[in-house]
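Here is the structure we will look at.
Small disclaimer: the values here were computed from a predicted structure and weren't measured. Note on naming: letters A, B, ... go to the chains in the order of the sequence lines (proteins, then strands), and numbering restarts at 1 for each one.
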There are 4 protein chains.
Amino acid sequence: MSHNRPSRADAVRNRRRILEAAREQMGSHGSAAGMDDIAQAAGVAVGTLYRHFPTKADLVSAVIAEHVGEVAEDAEASLARARGGAPAIDELAGFLDRTTEAIAHNQAVKVAARSLGVEGPAEQPDEARASAAVGELIRRGQDAGTIRGSVSVADIYLLMATAPTDQPAAVRQRWLQLVLPGIRTGQ
Amino acid sequence: MSHNRPSRADAVRNRRRILEAAREQMGSHGSAAGMDDIAQAAGVAVGTLYRHFPTKADLVSAVIAEHVGEVAEDAEASLARARGGAPAIDELAGFLDRTTEAIAHNQAVKVAARSLGVEGPAEQPDEARASAAVGELIRRGQDAGTIRGSVSVADIYLLMATAPTDQPAAVRQRWLQLVLPGIRTGQ
Amino acid sequence: MSHNRPSRADAVRNRRRILEAAREQMGSHGSAAGMDDIAQAAGVAVGTLYRHFPTKADLVSAVIAEHVGEVAEDAEASLARARGGAPAIDELAGFLDRTTEAIAHNQAVKVAARSLGVEGPAEQPDEARASAAVGELIRRGQDAGTIRGSVSVADIYLLMATAPTDQPAAVRQRWLQLVLPGIRTGQ
Amino acid sequence: MSHNRPSRADAVRNRRRILEAAREQMGSHGSAAGMDDIAQAAGVAVGTLYRHFPTKADLVSAVIAEHVGEVAEDAEASLARARGGAPAIDELAGFLDRTTEAIAHNQAVKVAARSLGVEGPAEQPDEARASAAVGELIRRGQDAGTIRGSVSVADIYLLMATAPTDQPAAVRQRWLQLVLPGIRTGQ
DNA sequence: CATGAATGAGCGTTCATTCAT
DNA sequence: AATGAATGAACGCTCATTCAT
């Protein structure tokens with residue numbers, strides 16, 4: 001009796017394949033991606049998709065949740081570097097830059113980013129992780145005098161949600177330059 | 001023959017009614033507004049709608065164009081005040097504020113705002129007007145030393161396109177505060 | 001300007017074809033008949049079907065309404081004969097017999113028959129006609145002493161709704177014999 | 001090997017639980033009850049359900065069979081009372097009344113009642129029991145002169161199958177009054 | 001023998017677009 | 001030029017049944 005249940009391995013793999021396919025399809029068509037198309041891309045029948053995600057909304061939520069997880073990881077890595085001595089403002093800017101770029105390459109992440117900070121208090125563990133990391137990053141920058149005292153976690157989420165992710169890279173970079181002065185102190 | 005064939009005037013009036021209806025419907029439902037619904041709201045048949053706008057995309061473009069006209073007017077009014085002595089940076093900020101609020105109350109304007117500066121050089125006269133006015137506003141602020149030298153018309157369009165217009169008023173205001181330091185000089 | 005609108009003739013014919021097809025399909029499969037199948041049987045696309053009947057329930061209602069119309073006509077013809085001197089009880093029995101047979105050959109009529117007397121007061125004109133005719137038939141029989149005083153229109157509807165219409169003809173006839181003593185006087 | 005292979009007893013118990021769940025589910029939702037729902041209510045997996053009943057039709061039949069058993073018991077109890085001196089016609093009417101009421105409270109019984117007398121000769125032992133009891137009840141009433149000579153067991157089944165069981169209690173009672181004269185003698 | 005994941009045809013419905021009148 | 005009926009692909013979702021474990 002070393003494992004929970006028999007035959008669950010396949011189901012788990014299918015779930016993964018569905019999520020992967022959903023990420024891919026939603027990456028290109030946003031949440032307009034069709035359930036049948038996602039199922040086909042995943043190599044399963046629609047019924048299987050619906051067994052794993054009873055509703056399209058559920059599938060979208062799951063895809064979002066995954067991306068939020070990745071955002072959280074990036075935030076934590078940034079924080080780790082800041083703790084290690086890197087300037088917090090640089091880490092925060094880098095985090096914003098990377099997240100923005102990620103969204104630019106995957107429509108689904110955008111929806112994910114837009115969902116941050118919207119729900120009630122920390123409904124998702126991953127969001128809580130991201131918030132904690134970003135929060136400490138901000139505090140560190142404020143302590144070092146490089147981040148404005150008025151800046152909050154919600155502000156960062158707001159910027160992530162409004163990044164011009166469907167514009168060319170040059171535009172995205174310019175946007176970042178335009179927006180950073182609102183975060184950092186000086187000049 | 002006694003029966004009236006629709007005059008050019010009728011056609012023109014129909015075009016107007018359709019655009020009005022489209023603005024209204026898209027104002028509330030975004031571009032998800034149905035063609036039939038728009039036609040009905042305009043008091044014409046779908047066929048008539050399609051005669052004036054062969055494709056839904058065409059109708060959306062037309063609605064956008066109209067809003068661009070309004071943006072141009074606001075920009076020109078702001079410029080007029082600046083010419084009259086008002087601080088250019090204040091006028092620019094006010095312009096951004098008002099445009100953002102307008103978008104918040106009308107989904108269609110958002111699409112309009114996002115289309116600015118995207119096309120080839122000045123395809124639309126109204127966009128040219130807006131660009132001219134905003135451009136002079138910026139120059140005046142730069143001359144007065146209140147607007148950063150790096151700021152361009154495209155930057156303003158970029159901010160307009162990325163404003164968090166589906167968020168509550170408080171969030172929209174906070175966003176403006178967050179973004180203004182990237183435009184104005186000092187602190 | 002001799003007619004209301006142009007091109008309406010085709011639409012009317014389509015409506016008829018759809019109703020006919022619906023009667024046929026529902027005749028064999030009851031209200032489980034699929035919308036696509038009905039459309040195909042009618043020689044139109046689904047969209048056309050939905051233009052005429054926005055909901056499956058609407059189509060079913062329309063089919064029912066038609067059958068109720070036929071029931072009303074039979075009832076009125078029976079009444080006419082009774083007025084002309086035929087024994088009311090015989091006419092009532094014949095009416096029940098014919099209606100029952102009609103149902104036996106068309107599942108849809110059954111649903112129709114079951115809907116009689118269920119709704120609020122005379123929602124449908126045809127039902128009102130049927131009720132009036134059956135009512136007078138009963139009264140005449142009661143006056144002639146051949147129909148029990150306790151019998152009401154609702155009783156007739158109840159019998160129509162409970163006839164064993166999915167049974168062979170012999171069974172249906174036996175059922176009628178079984179049920180008639182509750183209506184007629186004597187023995 | 002130490003792990004238990006399911007005994008015959010387990011299989012029997014599963015069959016019972018499935019039937020119980022099916023009765024319950026079909027009682028409320030008729031034969032529209034879903035196989036998955038029934039399985040879940042029974043605490044088994046669908047596969048198990050299908051092992052016991054290879055087809056939904058088989059399960060429905062089994063549920064029906066059970067209810068036939070109950071009908072048989074009621075019929076036999078009625079007969080016992082008639083043998084003990086109670087008027088056969090009253091017992092027959094009571095039997096009809098009770099059966100009808102049972103159907104009204106359980107959709108599944110209806111299908112059961114409708115299946116009576118339809119199959120080949122006495123396919124089910126329970127149906128044979130019911131038929132024997134009802135048959136003797138009728139004969140006793142006929143001997144006593146209270147039940148019409150033409151009445152047969154099939155007639156009783158026919159009435160049971162056609163009772164207005166989805167109507168309010170008052171309607172069901174009226175129907176019984178309407179139908180009894182066809183069974184009993186005298187006015 | 002039990003499990004429950006997988007299948008896939010089918011359902012009712014929507015909507016941008018076409019075209020006969 | 002206007003009408004509005006017709007088209008049909010597409011959508012999200014259900015459910016009886018099969019089959020690998």
Side-chain angles (χ1 to χ4, degrees), chain A residues 5-15 18 32-40 43-57 59, chain B residues 4-8 10-11 14 32-40 43-57 59, chain C residues 5-15 18 32-40 43-57 59, chain D residues 4-8 10-11 14 32-40 43-57 59:
Chain A
R5 314 234 192 97
S7 98
R8 217 36 169 262
D10 273 28
V12 167
R13 204 179 54 207
N14 268 342
R15 199 193 146 90
I18 289 170
M35 294 297 265
D36 281 14
D37 292 348
I38 293 172
Q40 193 173 86
V44 302
V46 234
T48 303
L49 195 166
Y50 275 95
R51 164 171 280 269
H52 288 283
F53 304 96
T55 274
K56 183 171 187 176
L59 180 55
Chain B
N4 50 343
R5 64 189 129 103
S7 68
R8 173 84 50 152
D10 276 13
N14 269 344
M35 295 296 264
D36 280 12
D37 292 349
I38 294 172
Q40 190 175 93
V44 303
V46 234
T48 304
L49 194 166
Y50 273 92
R51 168 164 294 271
H52 288 283
F53 305 94
T55 272
K56 185 172 186 176
L59 178 55
Chain C
R5 312 233 192 96
S7 98
R8 219 36 170 263
D10 274 27
V12 166
R13 205 180 54 207
N14 268 342
R15 199 192 146 90
I18 289 169
M35 294 297 264
D36 281 14
D37 291 349
I38 293 172
Q40 191 174 88
V44 302
V46 235
T48 304
L49 195 166
Y50 275 93
R51 165 171 280 268
H52 289 282
F53 304 95
T55 273
K56 184 171 187 178
L59 179 56
Chain D
N4 51 341
R5 64 189 129 106
S7 66
R8 173 83 52 149
D10 275 13
N14 269 345
M35 293 296 264
D36 280 12
D37 292 348
I38 293 172
Q40 190 175 94
V44 302
V46 234
T48 305
L49 195 167
Y50 273 92
R51 167 164 295 272
H52 288 284
F53 305 94
T55 273
K56 185 170 186 179
L59 178 56

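- Annotation: the span from B:T48 atom OG1 to B:D10 atom CG amounts to 11.0 Å, rounded to 0.5 Å.
- Among all heavy-atom pairs drawn from B:A45 and B:A39, the shortest one is C-CB, 4.0 Å.
- D:H52 has its NE2 atom 9 Å from the C1' atom of E:dC1, to the nearest Å.
- In this structure, of E:dG4, F:dA16, E:dT17, it is E:dG4 that holds the atom nearest to the side chain of A:R51.
- Of all non-hydrogen atoms in B:L49 and B:V44, the two that sit nearest each other are N-CG2, 4.4 Å.
- Spacing between atom NZ of B:K56 and atom P of E:dT17 amounts to 8 Å, rounded to whole angstrom units.
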Check your understanding: Could you spell out the base pairing of DNA chain F in dot-bracket, with Watson-Crick or G-U pairs whose two distances are under 3.5 Å, [ ] crossing and | to another strand?
Key -> .||||||||||||||||||||

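- Distance CG (A:D10) to P (E:dT3): 19 Å, rounded to an integer number of Å.
- B:Y50 contributes atom OH, which lies 8.0 Å from atom NZ of B:K56 (distance to the nearest 0.5 angstrom).
- Rounded to whole angstrom, the span from the CZ atom of A:F53 across to the C1' atom of E:dA5 amounts to 14 Å.
- With rounding to whole Å, D:Q40 atom CD is found 13 Å from F:dC15 atom P.
- Of the listed nucleotides (F:dT14, F:dA1, E:dA2), E:dA2 has the atom at the smallest distance from the side chain of D:T48.
- Nearest-nucleotide mapping onto DNA chain F: of D:A33 and B:L49, the residue sitting toward the 5' end is B:L49.
- Residues that satisfy the side-chain contact (heavy atoms from CB on, under 4.5 Å) test with C:R15, not counting sequence neighbours, are C:L19, C:H52, C:F53.
- If you take OH of D:Y50 and C1' of F:dT17, they are 5 Å apart, rounded to a whole angstrom.
- Taking atom CD1 on C:I38 and atom P on E:dT13, their separation rounds to 11 Å, with Å as the unit.
- If A:V46 and B:A45 are placed on DNA chain F by their nearest nucleotide, the residue sitting closer to the 5' end is B:A45.
- When each of A:G47 and B:D37 is assigned the nucleotide of DNA chain E bearing its nearest heavy atom, the one mapping closer to the 5' terminus is A:G47.
- Comparing B:A57 and D:D36 by the nucleotide of DNA chain E whose heavy atom lies nearest to each, the residue mapping closer to the 5' end is D:D36.
- Here F:dA2 is the nucleotide among F:dA2, E:dT17, F:dA16 with the atom lying nearest to any side-chain atom of B:N14.
- Rounded to an integer number of Å, the gap from CE of C:M35 to P of E:dA9 is 22 Å.
- The distance from atom CD1 of C:I38 to atom CG of C:L59, rounded to the nearest 0.5 Å, is 5.0 Å.
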